[in-house]
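These numbers come from a predicted model, not from an experiment. Letters go in sequence order (proteins before strands), and every chain restarts at 1. Computed over heavy atoms, backbone and side chain alike; hydrogens, waters and symmetry mates excluded.
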Number of protein chains: 2
Amino acid sequence: MPNMNDAKWTETLSFRLSTLGVLVADQYAEALAVHDLKPKHVGLLEVLGSGLAGSQLEIAKLMRVAPSLVVSLADHLESMGAIERLRDPADRRRQILSLTSEGRDLLAECTAKALVLDAKVAAELTSSQHAALSEALGRLAASYGLPVRK
Amino acid sequence: MPNMNDAKWTETLSFRLSTLGVLVADQYAEALAVHDLKPKHVGLLEVLGSGLAGSQLEIAKLMRVAPSLVVSLADHLESMGAIERLRDPADRRRQILSLTSEGRDLLAECTAKALVLDAKVAAELTSSQHAALSEALGRLAASYGLPVRK
DNA sequence: CTTAAATCATTCACAGTATAAACGATTAGA
DNA sequence: TCTAATCGTTTATACTGTGAATGATTTAAG
């Protein structure tokens, strides 16, 4: 006998959450392409912009990413002049990364792109749906605990 | 002057939607690992299970994926005995894919894993939050139109 | 002090995922 | 009939990310 709940699964929370989430993430990635950036580059910019920053190793932990990846992300951002590397005088193994003013501008532009995308998503919803979605996602975000771009 | 809405962005719908979505997608992928499957393998099984199936090219279009990827996904599933390839007698270029009974069982197990994951997500929410989230995501899913796993 | 172990950034080799282009078999159309 | 298009497959390749090895520096032990 064929199983009974084929159709149901695509209406599941986790299915929709993951498919829509990946879709939005892809759209965001696409919007960033004009700046020659990937989401993780922006993630690094955001970490630096939030002031939580520090050494590359700390950034790697914050972003839950291999330290060697931080190197290549930072290389790219540095080559475009968005960030600076500065040896920590107190511990000359460490590289302290910081935003340049160009980097701050770039981050602002990326944020703007994100807000545009956000508006497109919001446009599909009534304001009460928007509020409810926001609250529920906020709850989930709090319990899963991740203010970091993947 | 530093820009004003640094903190705000991480509370955005699209940010939370994409980060949480990717997170859930990752957890789902992890849950599938015991079956030696990736989400896209299951996506293919789901397409076949839904009866929309047909030739590999049609499947590729449904899944929005390169035809050559369907080949390798199908190779893997065929090697585990989950699907069968059958030349279309009417057009012997086409391969018609179909689920074997083992394939149906496998799909059911994957669906079960997904429901477990779904329950974990739901456990973080009140029932009214759950309902609201479900409705809002449903609306978005409808307007973006994608009942297909990514 | 001096030497051994740990730490940070970097490089290098590699695995995994996906695509696009080239190819052979088959079918459709002029 | 023979030319062009289609389907599946193979092959080459790009891309993202990881982990292990390396070199520079710092910390800890004796």
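- Across all strands shown, Ser72(B) has no heavy atoms under 4.0 Å from either base or sugar-phosphate atoms.
- Ion pairing of Glu124(B) with Arg139(A) is absent here, as no side-chain N (NZ or NE/NH1/NH2) approaches a carboxylate O to less than 4.0 Å.
- The Gln56(A) side chain lies nearest to dT10(C) when the options are dT10(C), dT17(C), dT18(D).
- When the nearest nucleotides of DNA chain D are assigned to Asp75(B) and Lys61(B) by heavy-atom distance, the more 5′-ward of the two goes with Lys61(B).
- Distances were taken from every side-chain heavy atom of Arg94(B) (C-beta onward) to each of dT9(D), dC7(D), dT18(D); the shortest belongs to dC7(D).
- One atom, CZ of Arg64(A), and another, P of dT16(D), lie 22 Å apart when rounded to the nearest Å.
- Computed from coordinates, the Leu32(B) CG to dG16(C) C1' distance equals 16 Å when rounded to whole Å.
- Between the side chain of Arg92(B) and the base of dT26(C), no donor-acceptor pair under 3.5 Å is found.
- One interatomic measurement links the two molecules: CD of Gln95(B) to P of dT10(D), which rounds to 10 Å at whole-angstrom precision.
- Residue Leu57(B) has its side chain nearest to dC7(D) when only dC7(D), dA20(D), dT17(C) are considered.
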Given the rule in the salt bridge (charged side-chain N to carboxylate O under 4.0 Å, His left out) test, do Glu58(B) and Arg94(B) qualify, once you have shown the distances and angles that lead to the verdict? CA-CA 10 Å; Glu58(B) 287 166 350; Arg94(B) 312 180 62 180; 3.2 Å; yes

Stepwise, does the salt bridge (charged side-chain N to carboxylate O under 4.0 Å, His left out) test hold for Asp75(B) with Arg85(B)? CA-CA 9 Å; Asp75(B) 282 349; Arg85(B) 270 191 246 239; 2.2 Å; yes

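- Between the C1' atom of dG17(D) and the NZ atom of Lys40(A) lies a distance of 7 Å, rounded to the nearest Å.
- Nucleotide dG16(C) holds its P atom 15 Å from the CG atom of Leu37(B), rounded to whole Å.
- For Arg93(A), the listed nucleotide lying nearest its side chain is dT26(D); candidates were dT26(C), dG8(D), dT26(D).
- The nearest whole Å value for the distance from the NE2 atom in His76(B) to the P atom in dT17(C) is 10 Å.
- Positionally, the nearest nucleotide of DNA chain D for Val65(A) lies more toward the 5' end than for the other of Ala90(A) and Val65(A).
- Atom pair Leu69(B):CG and dA20(C):C1' shows a separation of 13 Å (rounding to whole Å applied).
- The closest side-chain donor-acceptor pair between Thr100(A) and Glu84(A), if any, does not fall under 3.5 angstrom.
- In this structure, Leu73(A) places its CG atom 10 Å from P of dT16(D), rounding to the nearest Å.
- Listed nucleotides dG17(D), dT9(D), dA18(C) differ in distance to Pro67(B); the shortest reach to its side chain belongs to dT9(D).
- Side-chain N/O atoms of Ser68(B) and base N/O atoms of dG8(D) include no donor-acceptor pair closer than 3.5 Å.
- Phosphate proximity of dT9(D) to Arg85(B): present, with a side-chain N or O under 4.0 Å from OP1 or OP2.
- Contact check, Lys38(A) against dT16(D): a side-chain N or O comes under 4.0 Å of OP1 or OP2.
- Salt bridge absent: Arg16(B) and Asp118(A) never bring a charged side-chain N and a carboxylate O closer than 4.0 Å.
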